[in-house]
Structures are given as C-alpha cells and as structure tokens.
Amino acid sequence: MCSNKILYNGVRYKMAARTKKNEKETKTKEEDTKEDQKIPDEVTPEQQQEEEEEEEEIEVYGHPRSYIRPLISEAVIGYVFWSIFHALAPMVWFYPLNQLEISGYEAYALVWFSPLLCISTRFLNAIQSKSGILILRLLCVASVASFQAPTTLLRLQILAGGNFFAILLLLATWWHKSAYQRCMSLWGHLLGFIALLASRVWFISITPAWSNVTSNNVVIALGVIAVIDRYIAVEFPLPEAKPNTKVNTHWKKIAAGFGSLLFITHCLFGDVAVLCRWIGKGYPYTGPSPYPFSCGVFIELVTGLMIASKAGLATHFLWTWFIGGHCIIAMYYFDAYTAFAFGLLSALYTMSIWPEISDRLTSCPPVKTLTFAMGIYLIEMLFCVWTVAYNFVPGGWITREGTFYLLLFIILYIGFALLLGKGRDITKFTSKHMAFRNLDGTGPISVHADVKLLLMFLLFIGIGGYAYRGQNIRSPASNKANPNEFSTLIFTAHFMYDNEGKPSFERVAKLLNETDADVITVLESDASRPFLGNNDIAMYLSEKLHMYHDFGPSTKDHTWGNLLLSKYRIVNSTHHLLPSPNGELAPAISATLNISGTLVDVVTGHMGNEGRDDEDRKLQAEYLANITKASNRPIVFMGYIVSKPDSRDYNRIRYIGKLKDIDSSDVDRFCQYIFYNRLKRVGYARISHGELSDTEAQLAKFNILAKDSQQDNNVVVIDKNKVDPSVHFPQRFGNFYNGHHLGSDHRYHMGTPKYFTQESP
C-alpha cells in the first residue's frame with residue numbers, strides 16, 4: 001500500500017508539473033504573438049503583485065502528500081463541534097419550557113460571543129499557537145461529558161463552556177496564518193457535519209453523544225485520539241493564507257450571510273428527517289415518510305459538497321437566487337412530494353455554497369466578523385423560537401407564525417454574501433481559496449479529491465444505517481385473544497426531555513411498550529426544531545414499537561406536535577389547526593383505523609392553556625366537539641383539555657360531541673381525558689410519570705360492540721381477581737393504588753386500575 005501511495009502521489013505531482021509547464025508554454029506563445037503583433041502588454045500593479053506572489057508560492061510547495069489522515073482527525077473534531085453546538089439551544093430551552101416564560105437562563109447563549117476576547121492580539125496569538133489550539137480542542141471534547149453531569153444546571157454550565165471554547169477554536173483555526181490549517185479545519189468541520197448526520201441515521205435521529213453513556217464515552221474517546229493525532233502531526237506553516245481583498249469591505253453582509261447559512265443548515269438539515277416533518281400530510285396521501293425518503297436528503301447534502309469545486313457555481317446568479325432562494329420558499333409553501341423535491345434542491349444548494357462563503361468569511365477581520373455572524377445566528381434562533389412560542393414571550397404577536405419572513409431574510413443575506421465582491425478563481429494553479437488551495441504543488445483540488453473519498457465513505461455508512469434499520473422494521477401485530485378488544489393510551493412526552501432535562505427516548509419507548517397499548521397518542525411530540533434537538537420522535541417510537549404512525553400538523557405549522565401510533569392500519573386521517581385567535585396554535589388529528597375489520601374513529605388534540613386563552617379554549621372545544629359529533633362510527637377521543645371535570649370545556653366536548661367519559665367518577669383529573677362512544681368500556685388505569693414528564697399516562701380498554709348493540713359496562717370493579725384475566729392490565733405496574741405515586745418508577749395510582757362489567761361479580 002505504501003508503494004502504491006508513493007506512486008499515486010508521484011503521478012499527481014508529475015501531472016501537476018506538466019500542467020504548470022503547459023501553462024508557461026502557452027503564456028510564452030501568447031507573449032510572442034503579442035510581440036509579433038506589436039501589441040503593448042499592459043500589466044497593472046495588481047496583476048504584477050499577483051504574479052510575484054505566485055512565483056513565491058511555487059517556491060514553498062513541498063512534496064505531494066495525502067490528506068486522508070489529517071482530514072479524518074479534523075472530521076472527528078468537527079463532529080464534536082457540531083454535537084456540542086447543536087446541544088446548547090435545547091439545554092437552554094429546558095428552563096423556559098418548564099416555566100412557560102423567559103427564565104433568564106437564555107443568557108447562556110452569550111457564550112457564542114467569545115470571539116470578543118480576541119480583541120487582544122496577545123490572546124489571539126496565544127489561542128492560535130500549537131498549544132493553544134490543543135487546549136481549546138481538549139476543552140471542547142471534555143464538554144461532551146456534560147451528558148454525565150449529576151445536575152441539570154451543571155450540565156448546562158459545562159455545555160455552555162464547551163460552546164464558548166468551540167467558537168474560539170473556530171476563529172483560531174479558520175483565521176490561522178497557515179493555509180494548510182485553514183483548509184484542513186474547514187473540511188474537517190464539513191466532514192464532521194456529514195458524519196454527524198450519518199451517525200444519527202443509525203441512532204434513529206438522536207445525536208449519539210446525547211443518546212446514552214456508552215455512546216457518549218465513545219465520542220469522548222475518539223475526540224481525544226483525534227486531538228492528540230493533530231497535535232503530533234507534522235505542521236505545514238507555508239504557504240501562508242492570503243485574504244481576498246475584493247470582498248472584505250463587505251464584511252457585515254458576509255457575516256450576516258454566514259450566520260444565516262449556519263442557522264438554516266442547523267434548522268432544516270441538522271437531521272436528515274427534519275425536511276419530511278416540515279411537509280407531511282394526513283393519510284392516505286402523507287407525502288414522503290422520513291424512512292426511507294430522508295436518505296434522499298442525505299445523498300443531496302453529500303452531493304452538494306462534492307460539486308462545490310465547480311468553478312463559479314456558488315457565485316452564479318441563477319444558482320443563488322433561482323435555485324437556492326426559490327427552492328427554499330417553494331419548499332415552505334408546498335406540501336408532500338412537491339415540497340420534498342424543492343427540499344432536495346435546497347439541500348444540494350445549501351452544502352454547495354459552504355466552501356465559498358467560508359472563504360469570503362475568513363477574508364474579513366476575524367473578531368468583528370465572527371462575532372457579528374454569531375449574533376445573526378442567535379437572532380435567527382430566537383426568532384425561530386418566537387414564531388411558535390409567541391404566546392409565552394414578550395412581543396410574540398409580532399413574530400407569530402413568521403417563518404416565511406425568517407426564510408426570506410436568510411435567502412437575501414446569503415445572496416448578498418455570495419454575490420458582493422469578486423470571488424477567487426479556483427481554476428488557477430496557485431489558487432488561494434481557503435477550501436481549494438494548492439498546498440503541495442499538485443493543484444487546487446488535490447485536497448478536495450481526498451475529501452470526496454471520505455464523503456463517499458460517509459455516504460456508505462449513512463446508507464448502511466438505512467439498510468440496517470430496514471431489517472428491523474416489521475408490520476405491527478396485535479395478538480389479542482379477543483380480536484374485538486383494543487386499548488388506547490395518552491401520554492405527554494415533553495419533547496422527550498425528562499424532568500431533569502435528559503433525553504428520555506429509550507425510557508419512553510420502554511414505558512409505552514410495556515403498557516401493551518394498541519393505539520397511542522403522544523402530545524408535545526414535535527422536536528424537529530433546532531432548539532429542541534431536531535429529533536424525530538414519531539419515527540423513533542414508530543420503529544421501536546413497530547407501529548404505524550401519523551404525525552401532524554407539520555412542523556412548519558407552528559404547533560407543539562401531535563402523534564398517533566397504532567398497531568392497526570390507518571385508513572385515513574386529517575390534521576387540524578384548532579382555532580387560536582389569541583393563544584398558541586393547538587394541533588389535532590382525526591383518524592379512522594381498521595380494527596379487526598371494524599372502522600373506528602380516533603380523535604386526539606392538545607388545547608390551549610387555562611388562564612391564558614379562554615376564548616381560544618372555548619372555540620377549540622367547540623371545534624373538537626363538532627368533529628366527534630359528526631362521526632357515526634365507534635369513536636375514541638384522547639385529549640389534553642387542561643380543565644377539571646364538569647368544567648365548561650369538558651362538558652362541551654363530552655356532551656355536544658356526544659361522548660362518554662371513561663370514568664366520570666374520577667374527579668382528580670385536570671389535563672388528560674379519554675372519552676368514547678359506541679364502544680363497550682372494559683378498563684381504565686393511570687400510570688405515574690416516573691419523572692419522564694410532568695404528566696402521567698392514561699390507559700383504557702374497549703370492546704367493539706356487536707352489531708346493533710349499545711349496551712355498555714356500567715359496574716365498576718376494583719378487584720382484578722373478579723374479572724376475566726384476559727382483560728387485566730399489565731402486572732408490571734403493580735396493583736390498585738389510591739393517591740399519587742411519587743417515585744421514579746412507573747406505578748398504577750389515583751385509584752386505578754379499574755375494570756367495568758355489566759353485572760356485579
């Protein structure tokens with residue numbers, strides 16, 4: 001292999017030398033022609049300076065070399081960067097999420113302004129030294145251990161510290177004097193981003209560093225190895241990096257463009273499944289499902305980096321405004337497969353412009369440019385929060401459902417950043433472009449050639465994740481002794497963050513699986529936003545529980561999410577935005593399931609908050625009641641009503657909607673309710689949340705009535721030994737228990753489980 005590598009590098013060097021020789025011969029012929037024609041060869045001072053710099057640059061070229069090893073190490077470091085960078089916003093969000101208002105912990109986002117410390121030239125030189133970069137890298141890797149911190153606040157503080165050092169590291173390496181260090185760091189960040197996406201495919205949209213302790217330790221170990229490898233690697237101080245003086249006068253617009261590119265990459269493509277959640281519809285025409293269609297997003301992102309070396313592509317007017325801008329807007333306005341097609345083009349465009357806009361960024365003054373860019377990113381992140389959480393933040397009425405204006409701003413400033421000033425010519429043998437720099441005399445795309453090899457490797461890893469998951473996906477099965485019996489469950493997932501702010505995906509899946517529920521609704525389940533981790537809760541639970549799923553309304557509709565899981569085939573469904581003239585947008589789903597040959601309607605919804613939006617809640621209750629009233633089939637309603645029994649909204653849904661309460665004697669409810677009609681109730685249970693959420697799980701069992709029968713079970717039985725064992729709730733949650741269960745485990749409580757029969761046993 002070593003001899004092959006030497007031969008390969010030798011061939012590259014000879015070809016490059018031959019290319020340079022041909023360029024000189026061509027130039028000599030042109031000069032001779034001009035002399036023969038007696039045309040004066042006018043050379044501007046700028047051209048003369050460029051020629052002198054080119055001659056100097058040729059003299060410092062070393063031997064041809066492979067960039068695979070340094071790129072792999074830089075990619076691991078980039079992977080760590082994206083892991084901690086994406087994690088800070090969800091960690092900060094945990095506090096206002098619980099308090100439903102600005103909490104003050106948002107101030108931790110100011111760590112992204114750490115470049116201001118580099119106003120001091122001495123400090124900047126210190127962090128750009130070999131030891132300074134080593135320390136910053138080690139501190140970033142160490143912050144990944146925040147996942148194992150004993151308290152929520154300590155975890156936030158360590159993670160914030162990691163982000164503080166990560167942005168300093170970005171400045172230290174991207175504005176380094178060595179063109180080699182700049183180039184390796186840039187491609188390391190981009191390869192690290194693709195590696196993060198590939199790993200999230202294997203972890204069903206979860207970032208491995210924040211999944212469990214084992215994967216967290218693996219990321220830390222790989223990070224340490226990569227940092228040490230880069231420290232002991234041979235340095236190449238020459239050639240020195242040169243700024244593009246034709247663009248640095250536009251530093252504000254370039255910084256705004258880079259901040260916007262950073263945000264939209266995080267927002268739309270922080271996980272490959274996000275796009276599918278932005279454009280989904282109800283059954284039977286749902287649009288592209290995240291599995292397997294998000295594989296197309298992954299391929300387009302990789303392809304975007306591969307075509308980035310196309311000269312003049314990123315700065316072409318048509319590519320920027322018509323492909324980039326129009327596709328992003330079209331993706332927002334259309335739904336299903338049409339929007340998905342525009343989304344794929346948006347993914348291709350987004351990654352293709354990263355090298356060019358990064359080169360322009362690093363041609364500008366480092367401190368004020370990067371600080372301004374991070375300020376734009378932070379403003380856009382806050383605007384993204386404000387568009388959906390407008391009911392809980394100051395001035396929210398201004399930003400309500402304002403995602404279109406955010407996208408428009410992003411498109412405009414990315415366009416300004418790319419089209420103002422003249423970019424570098426990456427076809428020149430002595431190109432000084434940050435990403436396409438001739439570092440060893442073999443040409444400007446020699447580094448990109450090795451980058452493409454690693455991109456292909458990461459592409460295969462990502463596709464391998466889809467193939468592996470495909471083997472584990474199987475059709476739902478409900479093995480019931482009585483095929484006419486089914487159970488339903490309602491649970492509020494709190495965006496899959498437990499009461500201590502740690503991800504709860506595996507524990508929630510375990511809880512839901514152990515209930516043996518056939519139909520489940522999970523509320524507060526839209527985490528496909530950058531400040532919630534870009535996690536696809538619907539896809540994760542659907543694959544773990546082997547159930548059909550329907551998620552809606554879509555993420556771009558600005559609700560907190562409504563998920564329906566079913567072991568029975570979903571025949572059709574409709575996604576509803578409940579009336580919300582004043583308060584937060586409330587989601588609902590009305591679906592029809594085929595349960596053992598009988599069509600059963602299921603309605604789920606999350607109403608507004610009590611005490612804030614009285615008029616909204618009144619209208620929402622009427623809307624839901626009209627949906628259930630219109631049904632002439634067996635029906636189950638599972639909703640987050642946020643009202644006491646016999647309150648106005650409770651009675652409106654129950655009586656106007658022609659529904660029965662699963663247990664009207666249970667007066668200790670406030671949030672969640674299960675109603676039904678044209679079914680026979682069999683059992684009812686409440687399961688403590690066990691610190692997974694702030695809300696318990698409620699479980700109900702029903703029998704489908706025989707034809708023309710309307711007889712319900714009206715006798716309540718507490719002793720499970722007095723009913724048929726086939727209708728018992730799972731034993732793993734204990735037995736009948738009065739009062740609240742406050743432990744960290746899951747137990748029946750609040751006077752349940754109860755069973756219902758027609759006659760006293």
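Only heavy atoms go into these numbers, but all of them, side chains included; no hydrogens, no water, no symmetry mates.
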With a 4.5 Å heavy-atom cut-off, do [X] and [Y] have their side chains touching?
| X | Y | value |
| --- | --- | --- |
| Leu88 | Leu156 | yes |
| Thr592 | Ile570 | no |
| Leu624 | His576 | no |
| Arg200 | Thr207 | yes |
| Val723 | Phe756 | no |
| Lys644 | Tyr650 | no |
| Phe551 | Ser525 | yes |
| Trp210 | Ser146 | yes |

(request) Check the pair Asp550 / His575 against side-chain hydrogen bond (donor to acceptor under 3.5 Å, both in side chains), numbers first and verdict last. (result) CA-CA 9 Å; Asp550 185 27; His575 299 163; 2.9 Å; yes

Rounded distance [0.5 Å steps], [atom1] in [X] versus [atom2] in [Y]:
| X | Y | atom1 | atom2 | result |
| --- | --- | --- | --- | --- |
| Ile537 | Glu524 | CD1 | CD | 9.5 Å |
| Asn572 | Ser590 | CG | OG | 8.0 Å |
| Tyr466 | Tyr291 | OH | OH | 9.0 Å |
| Leu578 | Leu619 | CG | CG | 10.0 Å |
| Cys295 | Ile463 | SG | CD1 | 5.0 Å |
| His749 | His689 | NE2 | NE2 | 7.5 Å |

Between [X] and [Y], is there a donor-acceptor pair closer than 3.5 Å when you use the side chain of the first and the backbone of the second?
| X | Y | value |
| --- | --- | --- |
| Tyr497 | Leu692 | no |
| Gln698 | Ile490 | no |
| His728 | Ser726 | no |
| Asp613 | Gly608 | no |
| Ser596 | Pro483 | yes |
| Asn513 | Ala509 | no |
| Arg654 | Phe675 | no |
| Asn626 | Glu622 | yes |
| Thr521 | Leu563 | yes |
| Ser542 | Met547 | yes |

Please check if atom [atom1] in [X] has more than 12 non-hydrogen atoms from other residues, nucleotides or ligands closer than 6.0 Å.
| X | atom1 | result |
| --- | --- | --- |
| Tyr468 | OH | no |
| Arg648 | CZ | yes |
| Lys660 | NZ | yes |
| Glu500 | CD | no |
| Lys544 | NZ | no |
| Lys556 | NZ | yes |

(message) For a side-chain hydrogen bond (donor to acceptor under 3.5 Å, both in side chains) check, start with the C-alpha distance between Asn609 and Glu584, then their side-chain angles and the critical distance, and finish with the verdict.
(response) CA-CA 8 Å; Asn609 286 279; Glu584 60 180 333; 2.7 Å; yes

Taking all atoms of both residues into account, what is the closest heavy-atom pair of [X] and [Y], and its distance?
| X | Y | answer |
| --- | --- | --- |
| Cys276 | Phe340 | SG-CE1, 4.0 Å |
| Val144 | Asn216 | O-ND2, 2.9 Å |
| Gly462 | Phe298 | CA-CE2, 3.7 Å |
| Ala493 | Ser693 | C-OG, 4.4 Å |
| Leu679 | Tyr676 | O-CE1, 3.4 Å |
| Asn582 | Glu615 | ND2-CB, 4.2 Å |

(message) The test is side-chain hydrogen bond (donor to acceptor under 3.5 Å, both in side chains); show your working for Thr695 and Gln672 and say whether it passes.
(response) CA-CA 8 Å; Thr695 311; Gln672 299 174 155; 4.9 Å; no

Looking at [Y] and [X], is any side-chain nitrogen of the basic one under 4.0 Å from a carboxylate oxygen of the acidic one?
| X | Y | result |
| --- | --- | --- |
| Arg633 | Asp601 | yes |
| Asp616 | Lys618 | no |
| Glu514 | Lys510 | yes |
| Arg507 | Asp498 | yes |

(request) Give a yes-or-no answer on whether the side chains of Arg652 and Ser647 include a donor-acceptor pair shorter than 3.5 Å. (result) no

(request) Using distance alone, with no hydrogens and no angle criterion, decide if Asn482 and Asn703 have a side-chain donor and acceptor under 3.5 Å apart. (result) yes

(request) Give a yes or no on whether the ring-centroid distance for Trp560 and Phe495 is below 6.0 angstrom. (result) yes

(message) Working note: Ser688 + Met750, criterion side chain to side chain contact (heavy atoms under 4.5 Å, CB included); need CA distance, chi angles, decisive distance, verdict.
(response) CA-CA 9 Å; Ser688 61; Met750 302 307 294; over 6 Å; no

(message) Name the residue from Tyr684, Phe733, Phe736, Tyr737 that meets the ring-ring contact (aromatic ring centres under 6.0 Å, His included) definition with Tyr748.
(response) Phe733

(request) Find out whether the Lys NZ or Arg CZ of Lys701 is both under 6.0 angstrom from the six-membered ring centre of Phe729 and within 45° of the ring's axis. (result) yes

(request) Begin from the C-alpha positions of Asp649 and Gln620 and carry the test side-chain hydrogen bond (donor to acceptor under 3.5 Å, both in side chains) through to its verdict. (result) CA-CA 9 Å; Asp649 301 322; Gln620 291 165 7; over 6 Å; no

(message) With salt bridge (charged side-chain N to carboxylate O under 4.0 Å, His left out) as the test, pick out the partner of Arg669 among Asp661, Asp646, Asp663.
(response) Asp661

(message) With side chain to side chain contact (heavy atoms under 4.5 Å, CB included) as the test, pick out the partner of Asn534 among Asp271, Thr555, Val272.
(response) Asp271

(message) Tell me every residue that passes salt bridge (charged side-chain N to carboxylate O under 4.0 Å, His left out) with Arg681, counting only those two or more places apart in sequence or in another chain.
(response) none

(request) Report the C-alpha distance between Phe486 and Val600 in whole Å, list the side-chain angles of each, state the deciding distance to 0.1 Å, and finish with yes or no for side chain to side chain contact (heavy atoms under 4.5 Å, CB included). (result) CA-CA 11 Å; Phe486 69 96; Val600 177; 4.3 Å; yes

